[in-house]
Amino acid sequence: MSNQNNQNIFSLTDVSKTFKLPLTNPLKPRKTVKALDSVTLEILRGKVTCLLGPNGAGKTTLIKILADLITPDSGEILYRDMVLDESGKKVQGKIGLVTPNDRSFYWRLTGRQNLEFFGALYNLRGAALRRRIEESLDEVGMTNNADKSYQLYSAGMKQKLNIARALLGHPELYLLDEPASHLDPLAREEFWHFVLNILMKKRNATVFLCTHDLEEARLLADQIVILDAGRVVAQGTPKQLNGVIDNRKELELHYSGEIPRGWPDRGDLTVDRGENGTLRVLFDEAVTTQEAVIRSFVEAGGNLREVFVRTESLLELLHRKAGRNV
Amino acid sequence: MYKFFCFLKRDFFIYISYRFRIMLGLISLLGAVFMFYYIGQMFQGGFSEYLARYGNDYFAFVLLGMCVSTFVSTGLYSLATEVRNAQIQGTLEFLLSTPSSTNLVLFGNSIWAFVKSFLQSALFLGVTILIVGIPATFSQLLLVGLVLILTFLCFLSLGMISAAFIMVFKQGNPINLVFGTLSYFFGGLIFPVEVLPQPLQKISLILPMFHASKAVREILLVPQDQSEWRVTMTFLAVFILVLFPLGFAFLRLALSRAKKEGSLVQF
């Protein structure tokens, strides 16, 4: 896959990864689980790409592959136009990783001491390091708590420090693995503003964000990728995924009298009869249009009172695409 | 060097945050010195043909052995221990995601242990020289320093192989079993290997610990004209030449395998 004009930070083509499960019975061979199955996607520069999926979908595996912490079994990964191989250190300075793991910090040190240490590993030192630390602390609103011991931090403060650590290296891509999962509603909203105002507007960065939260994805994402059982089951903009994807649409028709005899006279409509004179009509927008559906009902003699257009929500999409309750 | 300093600073601050542990560590260190001093007193005046070469002073013999042993255990165990600690704490994966090299991360995590063992060995050496009253010259001390560095490098090479096993298998370490446990018995640390039956003494020859402890004693306790320190140091140098590249190769293989298995954070 060509990384057209460097519009993509990452392009993944047919990336697969299978893990061997821990041995539970020494007399039986080790079982395997396919964490990623021919994943093809692009992370667009300067955009927020949200990776949605149920537990065990392979989201964290994908993030770790991008951060060069796991080597895929097959497939091609392009970072800009460079093919990533096992010596993935060439991308590591360009990536800011935020994991949900608060144990990746040193609990006996203060927030500032932690940042000083990790900043050094990002090749920063002296005045430049101090400046970056102040800047990062300020951007996440942690300046006043920087000299407290990490072990005294609340979940929200830990997460802010986690993000401040990722900011230190001024990366062009932020890999955020469920960054708001432990935050209360107010802190989550604050985090969303942070992504939109600091990461996107001020830093002009690219964000790849794993989340369970549909609202988060809807609010932040320029592009959504839905992963289930290691496979990409849908991808597109939030608008596309709210109905256009697969071209599935639903009309709710409110009518009076009887349903016209013989309607629908076409096989591309799925009709569910509801109570009190309502019909749910599912159709494929690639085959027909909502106007054609309505016209066919009226022309068949139907007495239409009201029409509601329903688009599938992300949650419904996840249910349908995953083929099970997620 | 700056990054190593940052690792050192990190671990120093963590170390001093556990004050009670520091106190207990000092007490146990002094306890060991006193224990061997009184064991030495018990043998004083008596004559052991096995210790004749070393001035018949058991206290000096054993403290110099301890001095070497500190370096041995640090070199052998610290890399593997720190890899496992970082896996359990959850820091390893993030450290490896930074632009710093994998080797720097692995060695940096152990540098505080290296410095601590250097200080501990210096204490054992100082106590031996001061209390026993060994008339050590500056050149002898330099030679001892060189032996300790060679010993450290030798066991660091084994430690790299050991860390590679931990990275892949998480627990169970054949290197520590062979070179750790065996070394303490056959390495001539607490007693001269000459007390062992003749066939068993041959095992000592393939253990770097034996050559390291012998070298230090040959330099400080045996008169210059009879000293065999050159032979023992040559043994150590050969061990390093063989084991050091092997250690790096094992570490690289282990890291590659752990990344393929996705097991860097498992423990």
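Letters go in sequence order (proteins before strands), and every chain restarts at 1. Just so it is clear, the model here is predicted, and its values are computed rather than measured.
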Engineer: Give, for atom NZ of B:K260 and atom NZ of A:K20, the distance between the pair rounded to the nearest 0.5 Å.
Structural biologist: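 Nearest 0.5 Å value for the NZ-NZ distance: 12.0 Å.
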
Engineer: Please give me the minimum heavy-atom distance between A:G126 and B:Y2, naming the atom from each residue.
Structural biologist: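 Scanning both residues completely, I find the closest heavy atoms to be N-OH, 4.2 Å.
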
Engineer: Does CG in A:D147 sit with more than 12 non-hydrogen atoms of other residues, nucleotides or ligands closer than 6.0 Å?
Structural biologist: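 Yes, the 6.0 Å shell around CG holds more than 12 heavy atoms from other groups.
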
Engineer: Give the intermediate values and the outcome of side chain to side chain contact (heavy atoms under 4.5 Å, CB included) for residues B:K3 and A:N123.
Structural biologist: CA-CA 8 Å; B:K3 288 184 182 177; A:N123 303 320; 2.4 Å; yes

Engineer: Using only atom types and a distance under 3.5 Å, with no angle test, would you say the side chain of A:R108 pairs donor to acceptor with the backbone of B:S17?
Structural biologist: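 Yes: the side chain of A:R108 pairs with the backbone of B:S17.
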
Engineer: At a heavy-atom separation under 4.5 Å, does A:L109 approach chain B through its side chain, its backbone, both, or neither?
Structural biologist: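 Interface part for A:L109: side chain.
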
Engineer: At a heavy-atom separation under 4.5 Å, does A:Y122 approach chain B through its side chain, its backbone, both, or neither?
Structural biologist: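 For A:Y122, backbone and side chain are both near chain B.
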
Engineer: Which heavy atom in B:I14 sits nearest to a heavy atom in A:Y106, and how many Å separate them?
Structural biologist: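 Residues B:I14 and A:Y106, closest heavy atoms: CD1-CD2, 3.9 Å.
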
Engineer: Looking at A:I70, A:T61, A:I65, which makes the most heavy-atom pairs under 4.5 Å with chain B?
Structural biologist: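 Answer, by heavy-atom pair count under 4.5 Å with chain B: A:I70.
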
Engineer: Once you round to the nearest 0.5 Å, how far does CG of A:L129 lie from SG of B:C6?
Structural biologist: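 Spacing of CG (A:L129) from SG (B:C6) equals 7.5 Å.
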
Engineer: With rounding to the nearest 0.5 Å, note down the distance linking OG1 in B:T98 to CZ in A:F118.
Structural biologist: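 Reported to 0.5 Å precision, the distance equals 8.5 Å.
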
Engineer: Check whether B:F5 forms a cation-pi arrangement with A:R125 (NZ or CZ under 6.0 Å from the six-membered ring centre, at most 45° off the ring normal).
Structural biologist: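 Here A:R125 fails the 6.0 Å and 45° test against B:F5.
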
Engineer: Quick one: what part of B:L255 sits under 4.5 Å from any heavy atom of chain A, side chain, backbone, both or neither?
Structural biologist: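 No part of it gets close to chain A.
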
Engineer: Do you know the tightest heavy-atom contact between B:S100 and A:L121?
Structural biologist: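 Closest approach of B:S100 to A:L121, heavy atoms only: OG-O, 2.8 Å.
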
Engineer: Determine whether more than 12 heavy atoms belonging to other residues, nucleotides or ligands lie under 6.0 Å from atom CZ of B:R252.
Structural biologist: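 Not more than 12 within 6.0 Å, no.
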
Engineer: What distance do A:F117 atom CZ and B:K9 atom NZ have between them, rounded to the nearest 0.5 Å?
Structural biologist: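 Interatomic distance, A:F117 CZ to B:K9 NZ, rounded to 0.5 Å: 11.0 Å.
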
